Each structure stands twice: as structure tokens, then as C-alpha cells.
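Here's the structure, in C-alpha cells; my notes come after.
If you're wondering where the values come from, they're calculated on a predicted model, not measured in any experiment. These numbers come from the heavy atoms of this one structure, side chains and all, not from hydrogens, waters or symmetry mates.
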Amino acid sequence: TKRHFELVLYSNREEEVIKDIRDELDPKKEIFDYILSRKCCSVLGDFSIKELRVIKNRKPENIAILESNISSWPFDLDNIIPLGPFSGLLDDEELADIIPLVLP
């Protein structure tokens, strides 16, 4: 089934770490269209921040951000769908609850 959106994994971690996370979540590479890592982040004071402006050829009003740390997006708050923090425990259902909303 063709999706009507693109799914991007964007983190302020190093690219190799993001690839490992992507491979764990999406081993067949069918879910995420792109990954963006620390090299795509900006620095604001002592903080690494993410900005929609690095995503070229996309209208910001058509982008939704699923994020557990909203302070990492100080300029794009209107686009954020807040998530609770990932606990890493087997009973953590935060992302599992979102998956039916983003997958066909």
C-alpha cells in the first residue's frame, strides 16, 4: 500500500547510531524514507537543535514531528506531536501506539 507521507528518522545522535536504531526498528528498510543525524542539527548555545528548514522541498505546514523532547525543536513547535519518553522496557507502548497512525 502506498503511503501518503514520508517518514523521516531525525536525531541529534551520530549517523551510525541512527542507522543502528533504524535497522532495529525497520530491518527491511520499508518504514523510514530518510534518516537525519547530528550533522543536520544546529547549535543554539550549548544545545543541539533540530529544524524543519533542513528538510528541503517540503512545506513545513505538511510536516508532523513525533517527538519526546520538544525542547530540541524551538522553532517548529506548531508541528510537534509530543510523545512520552522511551523507557526501553518491554512494556513501553509509546511508539507502538503511534504505529497504526503512520503505517498503512
Side-chain angles (χ1 to χ4, degrees):
T1 305
K2 177 83 170 124
R3 289 182 282 158
H4 298 284
F5 57 87
E6 297 170 295
L7 196 56
V8 178
L9 182 60
Y10 189 1
S11 175
N12 60 0
R13 296 183 181 200
E14 296 295 334
E15 187 169 342
E16 289 307 312
V17 174
I18 301 309
K19 286 180 178 178
D20 289 344
I21 293 169
R22 187 255 339 260
D23 292 347
E24 184 72 26
L25 295 172
D26 183 17
K28 295 181 181 178
K29 295 180 180 53
E30 297 174 337
I31 298 172
F32 296 105
D33 297 290
Y34 307 100
I35 61 169
L36 299 173
S37 63
R38 179 175 289 169
K39 66 183 178 184
C40 297
C41 293
S42 301
V43 176
L44 182 62
D46 293 333
F47 300 99
S48 176
I49 62 168
K50 298 176 256 184
E51 299 180 79
L52 286 180
R53 68 183 180 89
V54 303
I55 302 173
K56 306 294 184 197
N57 302 317
R58 307 296 185 277
K59 294 180 180 180
E61 62 269 19
N62 293 335
I63 299 175
I65 303 163
L66 305 175
E67 179 64 62
S68 62
N69 180 11
I70 63 171
S71 65
S72 65
W73 292 91
F75 305 118
D76 303 300
L77 294 174
D78 290 340
N79 298 76
I80 292 179
I81 299 169
L83 296 175
F86 176 64
S87 71
L89 300 175
L90 292 176
D91 64 346
D92 188 327
E93 296 291 324
E94 191 71 29
L95 271 179
D97 292 343
I98 297 294
I99 288 173
L101 301 175
V102 298
L103 295 179

Heavy-atom pair of closest approach, residues C41 and K50:
SG-CG, 3.8 Å

Shortest non-hydrogen contact from R13 to S37?
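Here R13 and S37 meet closest at O-CB, 3.4 Å.
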
Identify, with sequence neighbours excluded, every residue that meets side-chain contact (heavy atoms from CB on, under 4.5 Å) alongside [X].
X   : value
K59 : E61, N62
P60 : L52
L83 : L66, S68, E94, L95, I98

Check whether any side-chain heavy atom of Y34 lies under 4.5 Å from a side-chain heavy atom of I55, and answer yes or no.
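No, too far: nothing below the 4.5 Å cut-off.
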
Quick one: does [X]'s side chain have a donor or acceptor within less than 3.5 Å of a partner on [Y]'s backbone?
X   : Y   : result
K39 : L36 : no
D33 : V8  : no
Y10 : C40 : yes

Determine all donor-acceptor pairs shorter than 3.5 Å in which one atom belongs to a side chain in residues 16-23; sequence neighbours excluded.
residue, atom, partner, partner atom, Å
K19, NZ, E15, OE2, 3.4
D23, OD1, K29, NZ, 3.2

Residue pairs, two or more places apart or on separate chains, that pass ring pair (Phe, Tyr, Trp, His ring centres under 6.0 Å) and touch residues 36-62:
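Found none.
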
Hey, any chance I81 and I63 share a hydrophobic cluster, counting ILVMFWY side chains that come within less than 4.5 Å of each other, even indirectly?
no

Cluster overlap V54 with F75, hydrophobic side-chain contacts below 4.5 Å:
no

Give, for atom CD1 of I35 and atom CG of L9, the distance between the pair rounded to the nearest 0.5 Å.
7.0 Å

CG on N12 to CG on N69, rounded to 0.5 Å:
7.5 Å

Does L25, at its CG atom, have more than 12 non-hydrogen atoms belonging to other residues, nucleotides or ligands within less than 6.0 Å?
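Counting other residues, nucleotides and ligands, CG of L25 exceeds 12 neighbours.
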
Set of residues satisfying salt bridge (Lys or Arg N to Asp or Glu O under 4.0 Å) with respect to R38, sequence neighbours excluded:
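E14.
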
